[in-house]
Number of protein chains: 2
Amino acid sequence: MNSEFTVAVHSLVFLAYLPEHMASSETIARNVSTNPTRIRKIMSFLREQGFVKTKEGVGGGYMLNCDPQKVTLAQIYRAMACGALKPNWNSGDPGQDCLVASNMQSVMDHIFREAEVQYRRCLEQTTICDVLEQVKHCQS
Amino acid sequence: MNSEFTVAVHSLVFLAYLPEHMASSETIARNVSTNPTRIRKIMSFLREQGFVKTKEGVGGGYMLNCDPQKVTLAQIYRAMACGALKPNWNSGDPGQDCLVASNMQSVMDHIFREAEVQYRRCLEQTTICDVLEQVKHCQS
DNA sequence: TTAAACTGTATGCATTAACATAACAGTATT
DNA sequence: AATACTGTTATGTTAATGCATACAGTTTAA
């Protein structure tokens with residue numbers, strides 16, 4: 001899995017943390033430790049999905065457009081990284097005669113899909129606010 | 001996640017499928033659709049973990065050394081790919097002042113670990129034999 | 001109306017990870 | 001001693017990932 005999901009969660013938590021619930025791509029990028037372009041791309045996507053609003057022009061930036069107590073990591077995962085747990089290489093080959101070789105691909109597909117459902121189910125337990133609280137009370 | 005887990009499962013299922021429960025790296029590689037070197041590396045590892053035995057020399061190869069009805073995909077996952085679901089890029093930076101930036105990394109680590117536990121729990125439901133049966137009765 | 005500070009988006013670059021290929025030593029069989 | 005295997009390392013190639021740059025479009029404000 002690439003880290004767009006991580007960046008999305010971090011950005012939303014950061015926005016929830018700020019009093020104004022608003023920040024520019026550069027401010028977010030500094031906090032996340034990445035570059036503004038990457039933030040803009042990811043935030044654009046989060047806007048399409050309704051998680052944030054954007055304001056262009058001077059004094060613009062991104063602002064929270066959802067209730068951080070209601071939005072779960074599963075929703076963010078679904079939007080950003082669905083299907084990303086499965087390796088992109090497939091074993092076997094549907095063209096071969098052997099039952100194992102020819103069917104393994106679809107069987108493994110099914111297994112990975114099921115396991116990902118469980119993965120998401122775990123992420124359903126945690127909201128953006130939960131993460132924010134954990135961050136605040138993290139002893140480190 | 002890379003596909004070593006997939007290859008390992010496929011190889012074990014293939015061995016369980018064969019009457020002699022034995023095959024060379026080249027035979028397995030053909031079935032899996034990859035190269036013998038990769039199979040040997042993965043099978044070497046599976047031998048260390050006790051899943052297979054190897055026989056060197058002429059007429060040698062790999063043979064099942066476990067009960068395919070008892071070995072679950074979770075055990076194989078644990079051996080081959082534990083921790084592989086987490087992205088290897090980390091957001092934030094422990095050196096920053098901001099609570100969010102500095103603690104996000106360890107909070108996300110914890111979340112990914114928990115989610116992976118659920119993922120593995122799903123894989124516990126399926127044995128090598130289960131996969132073999134699914135492969136045999138796959139309508140495709 | 002013009003400058004400044006933003007977002008949106010495209011493109012190319014650099015690095016790393018993933019998979020393939022080749023080579024060769026070690027080992028068992030015949 | 002030839003053959004057919006595994007074990008392991010080194011090297012090549014391709015794809016994924018994240019970074020940097022550039023520039024058009026938008027809003028604000030002097």
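Numbered from 1 within each chain, the chains take letters A, B, ... in sequence-line order.
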Distance below 4.0 Å between B:Ser24 side-chain N/O and D:dC5 OP1 or OP2 = no
Residue A:Glu56, side-chain heavy atoms: nucleotide from D:dT6, C:dA17, C:dT7 that is nearest | C:dT7
Assert: residue with more 5' nearest nucleotide on DNA chain D, out of B:Thr54 and B:Trp89, is B:Thr54
Check: A:Ile28 and A:Phe14 side chains under 4.5 Å, non-hydrogen atoms = yes
Would you kindly give the NZ-to-C1' distance between A:Lys55 and D:dA29, to the nearest whole Å?
-> 12 Å
Do the rings of A:Tyr77 and A:Phe5 sit parallel, tilted or perpendicular, given the 30° and 60° boundaries?
-> perpendicular
B:Arg47 side chain near D:dG7 phosphate (N/O to OP1/OP2, under 4.0 Å) | yes
Whole Å only: how far is the OH atom of A:Tyr62 from the P atom of C:dA5?
-> 17 Å
Separation of D:dT6 C1' from B:Phe45 CZ (nearest whole Å) = 17 Å
Expressed in angstrom and rounded to an integer, what is the separation of A:Met80 atom CE from D:dG18 atom P?
-> 11 Å
Could you state the NZ-P distance from B:Lys41 to C:dC24, rounded to the nearest angstrom?
-> 21 Å
How long is the line joining NZ of B:Lys53 and P of C:dA28, in whole Å?
-> 15 Å
So, with a heavy-atom separation below 4.0 Å from DNA chain C, the residues of residues 29-40 of chain A are A:Thr37, A:Arg40
Would you please say whether a donor-acceptor pair under 3.5 Å links the side chains of B:Asp130 and B:Thr127?
-> yes
Would you please say whether a donor-acceptor pair under 3.5 Å links the side chains of A:Gln118 and A:Arg121?
-> yes
Can you tell if the side chain of A:Leu64 reaches within under 4.5 Å of the side chain of A:Leu18, non-hydrogen atoms only?
-> no
Could you tell me whether the side chain of A:Ser25 reaches within less than 4.5 Å of the side chain of A:Met43, counting heavy atoms only?
-> no
Between A:Glu26 (CD) and D:dC19 (P), how many Å, whole number?
-> 15 Å
OP1, OP2 of C:dG8 versus side-chain N and O of A:Ser44: anything below 4.0 Å?
-> yes
Any side-chain heavy-atom pair of B:Val7 and B:Glu4 under 4.5 Å | no
note: B:Glu48, atom CD; D:dT6, atom C1'; distance rounded to Å ~ 13 Å
Which sits closer to the 5' end of DNA chain D, B:Gly61 or A:Val58, going by the nucleotide each is nearest to?
-> B:Gly61
What nucleotide among C:dG26, D:dG25, C:dC19 has an atom nearest to a side-chain atom of B:Ser3?
-> C:dC19
